[in-house]
Amino acid sequence: MILPKLFCGVVLMSVAIPAGLHSGDAAIPRTSRDSVRESASAPTRTTRVASFGNESPSVDARRLADSIARSGDNAGGAFIVVDKKNARLYAFDRDARLSGSTAVLVGAARGDESVPGIGSRPLAEVRPEERTTPAGRFVAEAGHNARGEDIVWVDYDAAVSMHRVRTTNPRERRRERLATPSTDDNRISYGCINVPVAFYERVVSAMFATDRAVVYVLPEVRALTEVFGFVDPSGTRRQAGDPGRVAPPPERALSLR
């Protein structure tokens with residue numbers, strides 16, 4: 001379990017470091033736009049393509065999920081695909097079968113990289129163009145904030161997490177943003193992936209209750225095959241199960257601050 005640190009503008013337990021990145025987001029269950037079903041618990045992966053159920057994902061989201069199913073890049077575990085362009089999250093079981101899908105809020109700025117050192121900078125110093133949700137493959141892990149709320153670390157160094165949305169700033173109208181059919185107004189956070197409360201508690205918490213899971217965030221500037229080598233049609237792919245970008249161990253995490 002990773003030790004607590006700063007995230008989303010909240011000072012986390014026991015680590016005395018400067019105020020960090022990403023404000024909280026509005027937590028409203030989105031039953032009209034969420035789809036959740038019980039995940040299968042088959043002991044081995046047998047699918048060659050991902051099952052999206054009744055969902056209609058983007059071409060890139062389906063292409064990535066199918067490549068994960070074929071290559072075994074998820075290393076035999078459950079995984080999540082986040083489609084930033086369409087502000088949509090897809091959760092899959094270990095056999096690449098859809099466990100649930102929901103609308104989310106993501107970084108306000110377009111881009112696929114986090115600014116170096118942004119995770120330890122005060123919110124007031126984070127410029128609008130720096131509020132990106134990084135693209136890539138992340139081995140995510142559960143954690144807690146100072147109030148005891150469970151969150152999921154996606155990119156620990158950049159202080160990017162996945163957590164319940166909140167209505168801490170009424171002027172941001174996060175409740176209304178999640179309710180609209182448009183995806184343009186889902187770009188509001190400082191980079192964190194904000195998930196409706198009901199979906200977080202039923203799907204995300206269950207996925208991370210006992211283990212890590214891989215979170216894949218689709219790019220919006222770079223090419224899909226540039227970010228995810230195992231999708232490369234040339235056949236050049238990373239070894240399945242490669243750890244990818246992993247949150248640092250507690251010792252390293254503290255030494256970076």
Side-chain angles (χ1 to χ4, degrees), residues 7-8 21-36 50 52-65 68 79-92 98-114 128-138 140 151-152 154-155 158 160-169 171-204 207 214-224 227-228:
F7 94 103
C8 303
L21 181 62
H22 310 322
S23 62
D25 295 2
I28 309 96
R30 292 300 321 285
T31 54
S32 61
R33 290 173 65 187
D34 302 345
S35 64
V36 181
F52 279 87
N54 295 324
E55 291 290 318
S56 299
S58 66
V59 172
D60 279 351
R62 183 177 292 280
R63 186 180 176 195
L64 175 59
I68 295 167
F79 64 95
I80 286 174
V81 171
V82 177
D83 186 345
K84 287 193 293 181
K85 290 181 181 179
N86 294 289
R88 196 80 187 170
L89 180 153
Y90 302 96
F92 295 89
L98 190 71
S99 300
S101 175
T102 184
V104 292
L105 303 179
V106 294
R110 187 170 181 265
D112 294 327
E113 303 290 341
S114 291
E129 66 271 18
E130 296 176 330
R131 299 172 186 179
T132 58
T133 298
R137 179 189 193 274
F138 304 92
I151 56 94
V152 171
V154 177
D155 188 337
V160 175
S161 68
M162 182 183 302
H163 57 79
R164 299 171 181 84
V165 292
R166 309 183 191 93
T167 52
T168 53
N169 186 350
R171 291 181 298 177
E172 292 179 333
R173 302 178 68 250
R174 296 177 186 263
R175 189 188 305 271
E176 292 81 3
R177 289 172 186 270
L178 277 175
T180 65
S182 169
T183 58
D184 292 338
D185 56 1
N186 290 54
R187 308 300 296 260
I188 186 64
S189 81
Y190 277 70
C192 284
I193 301 163
N194 300 263
V195 182
V197 173
F199 188 91
Y200 188 96
E201 294 177 349
R202 184 173 179 181
V203 178
V204 177
M207 181 178 291
V214 184
V215 174
Y216 300 86
V217 181
L218 286 164
E220 56 187 345
V221 177
R222 301 167 63 191
L224 181 66
V227 176
F228 303 106

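When a residue number appears, it is its place in the shown sequence, counting from 1.
The backbone N or O of Glu113 sits less than 3.5 Å from a side-chain atom of Thr132, completing a donor-acceptor pair. Side-chain N or O atoms of Lys84 include none that pairs as donor or acceptor with a backbone N or O of Arg110 at under 3.5 Å. Checking side-chain atoms of Asp112 against main-chain N and O of Pro219 turns up no donor-acceptor pair under 3.5 Å. Looking at Ser189, its side chain does come within 3.5 Å of a backbone N or O of Gly107 through a donor-acceptor pair.
Between Arg177 and Glu172 there is no salt bridge, since none of the side-chain N atoms of the basic residue sits less than 4.0 Å from a carboxylate O of the acidic one.
Scanning for ring-ring contact (aromatic ring centres under 6.0 Å, His included) contacts around Tyr200 gives an empty result, with sequence neighbours left out. In this view, Glu201 and Arg164, Val197 satisfy the side chain to side chain contact (heavy atoms under 4.5 Å, CB included) rule, not counting sequence neighbours. The salt bridge (Lys or Arg N to Asp or Glu O under 4.0 Å) check on Arg187 picks up Glu220, with sequence neighbours excluded.
To the nearest 0.5 Å, the span separating OG1 on Thr180 from CG on Asn186 amounts to 6.0 Å. Distance check: Ser58 OG to Asp83 CG gives 4.0 Å after rounding to the nearest 0.5 Å. Note that the CG atom of Leu89 and the CG atom of Leu105 stand 11.5 Å from one another [nearest 0.5 Å]. Note that the OG atom of Ser99 and the CZ atom of Phe199 stand 8.0 Å from one another [nearest 0.5 Å]. The CG atom of Asp60 sits 6.0 Å away from atom NZ of Lys85, with the distance rounded to the nearest 0.5 Å. Between the CD1 atom of Ile68 and the OH atom of Tyr216 there is a distance of 4.5 Å, given to the nearest 0.5 Å.
If you run side-chain contact (heavy atoms from CB on, under 4.5 Å) between Thr133 and each of Leu218, Asp155, Val217, Val104, only Val217 comes through. Under the side-chain contact (heavy atoms from CB on, under 4.5 Å) rule, Phe138 has a single partner from Val214, Val154, Val82, which is Val154.
Taking every heavy atom of both residues into account, Pro57 and Arg62 meet most closely at CD-NH2, 3.4 Å. Contact record, His163 with Cys192: NE2-CB, 3.6 Å, taken as the closest heavy-atom pair. For Val227 against Gly136, the heavy-atom pair with the smallest separation is CG1-CA, 3.7 Å.
In this pair, Phe52 and Tyr90 present their aromatic rings perpendicular. The plane angle is above 60°, beyond the 30 to 60° band.
For the pair Met207 and Val152, the minimum side-chain heavy-atom distance is 4.5 Å or more.
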